[in-house]
Each structure stands twice: as structure tokens, then as C-alpha cells.
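As C-alpha cells, the structure follows; a few thoughts come after it.
These figures come from a predicted structure and were not determined experimentally. All chains are named by letter (A, B, ...) in the order of the sequence lines, taking the proteins before the strands, and each is independently numbered beginning at 1.
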Amino acid sequence: MLDRRLIREEPDRVRQALEKRRSDFDLDELIQLEARRRELLAVEELRAKRNELSKQIGATIKAGDDAEALKAEVSEVNRQIEQMESELTEVEALFDQRMLEIPNIPRDEVPIGVDEEDNVVVEEWGEARRFDFEPKPHWELGPQLGILNFEVAAKLAGARFVTDIGAGALMERALINLMLDTHTRKHGYTEVLPPFLANERSLIGTGNLPKFEDDLFKTREGLYLIPTAEVPLTNMHQDEILDGNLLPLCYAAYTACFRSEAGAAGRESRGIIRQHQFHKVELMKFTRPEQADDELEKLVKDAETILELLELPYRRVLLCTGDLGFQPERTYDLEFYFPAMGRWLELSSCSQYGEFQARRCNTRFRPQPEAKPQFVHTMNGSGVACGRTLAAIIEHYQQENGTVVVPEALRPYMGGLSEILPPLP
RNA sequence: GGAGGGGUGGCCGAGUGGUCGAAGGCGGCGGUCUUGAAAACCGCUGUACCGCAAGGUACCGGGGGUUCGAAUCCCUCCCCCUCCGCCA
């Protein structure tokens with residue numbers, strides 16, 4: 001959510017941001033609503049009058065005098081108040097709704113562009129492996145090795161699910177443990193294991209609602225399956241005023257993530273790339289505004305560390321305005337080149353939001369003991385996605401004979417296993 | 001799921017129709033005293049919106065209602081606690 005003063009005082013800045021994003025948001029409607037809302041604030045004077053008269057009535061009755069004339073006067077004032085309030089309520093409701101639908105303002109350094117073609121590669125680490133044989137995709141290798149099973153998942157749940165079995169399940173658990181251990185012990189994050197379901201308020205807090213309800217699974221009871229740990233983590237301090245000295249607060253959480261993937265059919269959808277359920281270790285920070293840029297840089301590096309430990313080559317990409325999500329003001333993706341697919345896919349997405357989410361969650365901090373509270377800045381990033389990383393490992397570490405070498409860093413977490421072999425016949 | 005008890009300011013806790021944005025305590029900030037500190041004493045100390053300001057409006061879990069007037073009465077929803085049932 002943006003500051004409503006921005007709508008009033010710097011509408012051109014907002015308009016430019018919307019244009020950069022190629023957003024079809026109706027800013028003029030919002031500006032008109034805000035203007036009308038301010039006109040209707042005159043109702044406050046009438047309320048003041050009512051309060052004053054009511055006090056007089058109390059005093060009059062106490063003195064034993066007749067207050068009927070005063071009561072009649074207040075009734076007349078109340079009629080006027082009622083009229084104005086009904087319109088004010090309407091205008092405010094629509095205004096608040098629209099405010100939840102306006103996207104964040106991209107930062108100046110975000111390249112202007114249309115789609116992912118216009119994203120900018122800012123860093124590369126390692127080199128893509130050169131194969132002296134035809135590399136196989138993970139959706140062939142995984143089933144051959146008996147570690148990924150799509151048929152079982154289809155029986156249990158349906159399309160777009162996978163069942164990890166044996167060394168596959170072990171490796172995914174190893175990835176989770178490697179990531180959590182690294183982030184908590186070496187990078188200073190506090191581990192959190194939150195609920196995997198969240199209420200409406202929390203999904204509004206992160207910006208998944210009201211606009212993106214179709215992407216979510218919803219339970220009969222009205223709860224939503226979390227699409228990312230960002231949701232519970234970002235909402236941990238709803239309605240709180242944090243001690244400025246405690247910032248930055250850094251959290252790391254493993255969770256399953258659930259996405260309906262409505263309308264995603266056919267795209268990047270082979271294997272375990274795009275699933276209804278996947279697993280992820282998420283990094284999330286609450287910072288002071290002036291800390292935000294440095295902390296984001298550290299957060300991205302923390303995610304990169306995982307890929308470096310796994311010796312997976314990657315590149316860092318700065319998303320352009322056209323590819324930027326609704327909520328972030330800036331996003332870096334970490335991408336791995338999947339050799340069999342011949343394309344780069346993100347293993348991590350790290351975003352900063354400025355005050356955008358903090359306003360929605362009402363999470364503030366007090367810079368000094370006596371100072372006014374102000375909104376924190378939030379940011380988060382996958383550190384990193386487990387399923388896609390598992391796929392990357394399978395493809396990157398495959399051998400010509402169909403086995404997969406286990407990255408050194410994972411072996412301690414896998415009972416010393418160094419290579420995944422096919423099941424015995 | 002059944003029965004009962006609760007949700008008040010950073011925290012604890014009074015308040016059952018008017019002068020209550022809310023006693024008192026704790027915590028915090030400032031001051032007096034002190035070589036310094038502690039103790040004691042004095043003062044200040046919620047948030048948002050409108051306003052240059054004075055000031056005004058709203059908020060006592062959320063929403064709605066009764067009333068000239070609601071923290072206080074009524075309805076409804078949510079959350080927490082205790083006991084019973086069920087259960088990993």
C-alpha cells in the first residue's frame with residue numbers, strides 16, 4: 001500500500017510508476033475518491049457539535065432542568081451526520097479497496113522494460129557445465145533413479161505434484177537442513193517454523209490479496225494455504241511498534257508452499273519446476289529504511305552462498321519494470337541454467353518492498369525512545385527453493401551412466417552418500 | 001464438538017450510561033538531590049486523521065444496534081484461558 005499523501009501530493013510520480021509497469025490501474029478514480037473523502041471530513045465539525053450538545057444535555061438533566069429542546073437540536077444534527085457518514089463510509093470503503101490494488105512504485109534503478117527479456121544480468125558465478133554426452137532432464141533421470149515419482153503423486157493428489165522417494169526425499173531434507181543451518185549459524189537469522197495456513201488479513205498484509213486470490217488454495221474454513229513463508233514471516237509483527245534498536249530482525253523459515261498455478265498450463269511446467277506444492281527456505285528481514293539496501297544486498301549474498309556451497313553455477317538478474325511483481329520495489333532473481341531444457345530458471349527471488357507491506361501489516365518501529373513511530377522496511381528472498389534446486393542438482397551432477405553425484409556439501413546431511421545409483425533390478 | 005470464564009494504553013489492572021482517552025501501579029523519558037550512581041521526590045509519557053496553530057475527530061478485540069450521549073446496555077463475529085469429549 002502506498003502513502004495516501006502520495007496520491008494527493010505527488011500524483012504524477014505515481015502515474016509515471018504505473019506507466020513504467022504498464023499497469024492499467026485507474027489513478028484518476030482514486031484521486032477523485034480521495035478528494036471527495038476529504039470534503040466529507042467536514043462531518044467532524046458536526047460530530048464536535050453533537051458532542052458539545054450532549055455534554056450540555058447531561059449538565060442540564062443533572063441540574064434538574066428540561067432538556068427536550070436540546071435533544072431535538074441534537075437529533076437534527078444527527079440527521080445531517082447520518083447523511084454525510086453514509087457517503088463517507090462508502091467513499092472510504094472504495095478508496096481503501098483501491099489502495100490495496102495499486103502496485104508498489106519501482107525504484108529508479110529498476111530497468112524499464114516489457115518482460116523478462118529486458119531483465120539485466122548483474123553478476124555471474126561459476127560456469128555452466130559442459131557435457132560430453134547428451135544431458136537428460138530431471139524428469140527422466142529422477143524416475144529412472146527411483147527418487148522422483150510422478151505416478152504416485154498423481155494417484156495421491158493429481159497433476160503438478162511429485163513424490164520424493166528414498167535418496168530423493170533424503171536429498172530434499174538435506175537441502176533444507178543445509179540451508180537452515182547455514183542461515184541460522186553463519187548468517188545470523190532466527191529460525192521460525194510457522195503455520196502453513198494463514199488468514200485473510202495476513203495475505204492482504206503481504207499483498208497476495210485481494211488481487212491474486214486465484215493463485216491461492218483456500219480451505220472450507222476460510223484459511224489459505226501459504227504460497228510462500230513470506231506470508232507468515234512478514235505478518236509476525238502485525239500491529240506492533242518495534243524497538244528500533246532490535247532492527248534489523250532477520251528470520252529464516254522452512255515451509256511447504258502451495259500455489260494453484262491457475263493459467264500456468266504448459267509453461268515451464270515439465271518435471272518439478274512448477275508444482276502445486278513445493279518446499280522452500282525463506283529469508284525475511286524487517287529493517288530501518290536506511291538499512292534496507294545494505295540488508296537486501298546481504299540477503300541476496302546469503303542466498304547465493306547456498307548455491308556456491310552446492311557448486312551450482314548461477315547468475316543474478318535485476319528484474320525490469322515489466323517483470324516486477326505487484327508488491328516489490330526491486331527484485332533480484334538467482335537463476336540456474338538447466339542444461340536439458342536449455343533455459344535459465346530462477347532458484348531464488350529476492351525482493352525489497354520499502355514500506356509497501358509494512359503499511360498493510362501496520363508494522364512500525366520507534367527510531368528513538370520518544371520519537372514518532374515509522375514504518376519498517378521489509379524484504380525477503382528464497383534461500384533457496386528446494387524442489388528446483390533438487391532438479392538443478394540432478395541435472396548438473398548427472399553422469400553419463402545415469403547416476404547423480406551428491407554435492408560435497410550435502411554428503412554430511414545424507415549419511416555420507418556420495419552418489420545416487422539406480423535401484424537394483 | 002460441549003460447558004464455563006475472559007479480551008481495556010508498552011505491560012499489569014480499575015472502570016456497568018455523561019465531565020472517561022480512560023484511576024492506580026510497573027516500565028520509559030526529563031528534572032531535583034548526589035563527587036557519581038542508587039534511593040526518594042516532582043513532572044511528562046498511546047495511535048491515526050484534519051489543521052500553520054489553537055484545537056477538533058476517531059479508536060477500550062472486529063462489525064452492527066439502542067440512546068441526546070456507549071469502554072459501560074443489546075446482537076453478531078473473532079481470539080485467548082479452564083474443564084469435558086475426540087485426536088497426531
Side-chain angles (χ1 to χ4, degrees), chain A residues 1-9 30-31 33-100 193-205 209-210 218-224 232 235-247 249 256 286 355-376:
Chain A
M1 190 158 64
L2 303 181
D3 187 343
R4 64 170 31 159
R5 265 172 304 198
L6 218 51
I7 308 300
R8 200 160 73 222
E9 290 163 14
L30 191 66
I31 290 171
L33 284 169
E34 170 66 351
R36 185 63 184 148
R37 189 186 69 85
R38 285 175 66 86
E39 282 170 18
L40 290 166
L41 287 182
V43 75
E44 288 189 1
E45 288 168 29
L46 292 174
R47 286 189 191 141
K49 192 171 175 189
R50 175 179 62 191
N51 290 346
E52 178 52 37
L53 288 171
S54 289
K55 269 187 197 176
Q56 283 181 29
I57 290 172
T60 305
I61 290 172
K62 210 170 189 178
D65 297 334
D66 180 60
E68 289 311 309
L70 281 171
K71 283 191 185 182
E73 196 180 337
V74 178
S75 292
E76 177 50 35
V77 172
N78 271 339
R79 259 193 294 280
Q80 296 174 37
I81 290 177
E82 221 168 294
Q83 254 180 7
M84 286 182 83
E85 271 184 347
S86 70
E87 191 189 345
L88 182 62
T89 305
E90 226 170 90
V91 167
E92 273 185 333
L94 190 55
F95 180 81
D96 292 346
Q97 188 187 325
R98 292 288 180 261
M99 283 300 279
L100 292 177
L193 182 55
F196 289 7
L197 280 79
N199 57 28
E200 186 183 27
R201 162 93 202 267
S202 297
L203 283 134
I204 289 172
L209 289 178
K218 187 178 187 179
T219 71
R220 239 183 316 181
E221 291 78 7
L223 293 172
Y224 295 85
N235 283 283
M236 278 177 50
H237 299 294
Q238 269 177 12
D239 299 322
E240 287 183 36
I241 298 172
L242 302 168
D243 179 350
N245 295 319
L246 298 179
L247 300 177
L249 285 173
F286 297 91
E355 297 180 349
F356 189 82
Q357 292 181 323
R359 279 182 185 281
R360 288 168 164 251
C361 297
N362 192 27
T363 301
R364 290 170 294 174
F365 76 102
R366 214 180 283 282
Q368 307 291 334
E370 297 295 284
K372 269 187 68 135
Q374 48 180 285
F375 289 106
V376 298

Task: Distance, P atom - from B/rG56 to B/rA39, rounded to whole angstrom - done: 38 Å

Open item on the list: Could you tell me how far B/rG63 sits from B/rG85 if I compare only their C1' atoms? Round to whole Å.
Closed with: 32 Å

Task: Residues A/K55 and A/E52 bridged, charged N to O under 4.0 Å - done: no

- [ ] Answer yes or no: is there a side-chain heavy-atom contact under 4.5 Å between A/L88 and A/R37?
- [x] yes

Task: Short N-O contact, A/E34 and A/R98, less than 4.0 angstrom - done: no

Task: Donor-acceptor pair present, A/K71 side chain and B/rU67 base, under 3.5 Å - done: no

- [ ] Would you check if A/Q374 and A/E355 make a side-chain contact, meaning some heavy-atom pair closer than 4.5 Å?
- [x] no

Open item on the list: Does B/rU57 have its OP1 or OP2 closer than 4.0 Å to a side-chain nitrogen or oxygen of A/N51?
Closed with: yes

Task: Gap between atoms CG and P, on A/N199 and B/rC80 respectively (whole Å) - done: 11 Å

Open item on the list: Just to be sure I understand the rule, does A/L70 reach a base, reach only the sugar-phosphate, or reach nothing, if contact means heavy atoms closer than 4.0 Å?
Closed with: nothing

TODO: Using whole Å, report how far CG of A/D243 lies from P of B/rC29.
DONE: 11 Å

Task: Between B/rG10 (P) and A/N245 (CG): distance, integer Å - done: 18 Å

TODO: Round to the nearest Å and state the distance from A/N78 atom CG to B/rU66 atom P.
DONE: 11 Å

TODO: For B/rC60 and B/rG65, measure between their P atoms and round to the nearest Å.
DONE: 15 Å

TODO: Can you tell me, in whole Å, how much space there is between the P of B/rG30 and that of B/rC81?
DONE: 38 Å

TODO: Take atom P in B/rG13 and the same atom in B/rG36, then report the distance between them in whole Å.
DONE: 40 Å

Open item on the list: Expressed as a whole number of angstroms, how long is the span from A/Q80:CD to B/rC68:P?
Closed with: 17 Å

Open item on the list: Check this for me: does any side-chain nitrogen of one of A/E39 and A/R36 sit under 4.0 Å from a carboxylate oxygen of the other?
Closed with: yes

TODO: Decide yes or no for A/L203 and A/K218: does some side-chain heavy atom of the first lie under 4.5 Å from some side-chain heavy atom of the second?
DONE: no

TODO: Before accepting this row, confirm whether a basic side-chain N of the pair A/D96/A/R4 lies closer than 4.0 Å to the acidic partner's carboxylate O.
DONE: yes

Open item on the list: I'd like to know if the side chain of A/R360 reaches the main chain of A/I204, judged simply by a donor and an acceptor atom lying under 3.5 Å from each other, with no hydrogens or angles considered.
Closed with: yes

Sort me out a list of protein N/O and nucleotides 46-49 of chain B N/O pairs below 3.5 Å, or just none if empty.
residue, atom, partner, partner atom, Å
B/rU47, OP1, A/R366, NH1, 3.1
B/rU47, O3', A/R364, NH1, 3.0
B/rA48, OP1, A/R364, NH1, 3.3

Open item on the list: What is the separation between atom CD on A/Q238 and atom P on B/rC78, rounded to the nearest whole Å?
Closed with: 17 Å

Task: For B/rA71, the Watson-Crick or wobble partner whose two distances fall under 3.5 Å - done: none

Open item on the list: Within the 4.5 Å heavy-atom criterion, are A/Q238 and A/N362 side-chain neighbours or not?
Closed with: no

Open item on the list: Rounding to an integer number of angstrom, what distance separates B/rG62 and B/rA53 when you compare their P atoms?
Closed with: 29 Å

- [ ] Report the base-pairing partner of B/rC86 (Watson-Crick or G-U wobble, both distances below 3.5 angstrom), or none.
- [x] none

Task: For atom CD1 of A/I57 and atom P of B/rG17, their distance in whole Å - done: 19 Å

Task: B/rG18 versus B/rC12 - spacing of their P atoms, nearest Å - done: 27 Å

TODO: In whole angstrom, give me the gap between the P atoms of B/rG6 and B/rC75.
DONE: 15 Å

Task: Earlier contact from the 5' end, RNA chain B, for A/L53 and A/E34 - done: A/E34

Open item on the list: Only pairs with both distances under 3.5 Å count, Watson-Crick or wobble alike; so what is the partner of B/rU32 in this structure?
Closed with: B/rA40

- [ ] Searching all strands shown, indicate the nucleotide that pairs with B/rG27 (Watson-Crick or G-U wobble; both distances under 3.5 Å).
- [x] B/rU45

Task: Whole angstrom value for the distance that separates P of B/rU67 from CD of A/E82 - done: 11 Å

TODO: Using both distances under 3.5 Å as the test, list the Watson-Crick or G-U wobble partner of B/rC20, or none.
DONE: none

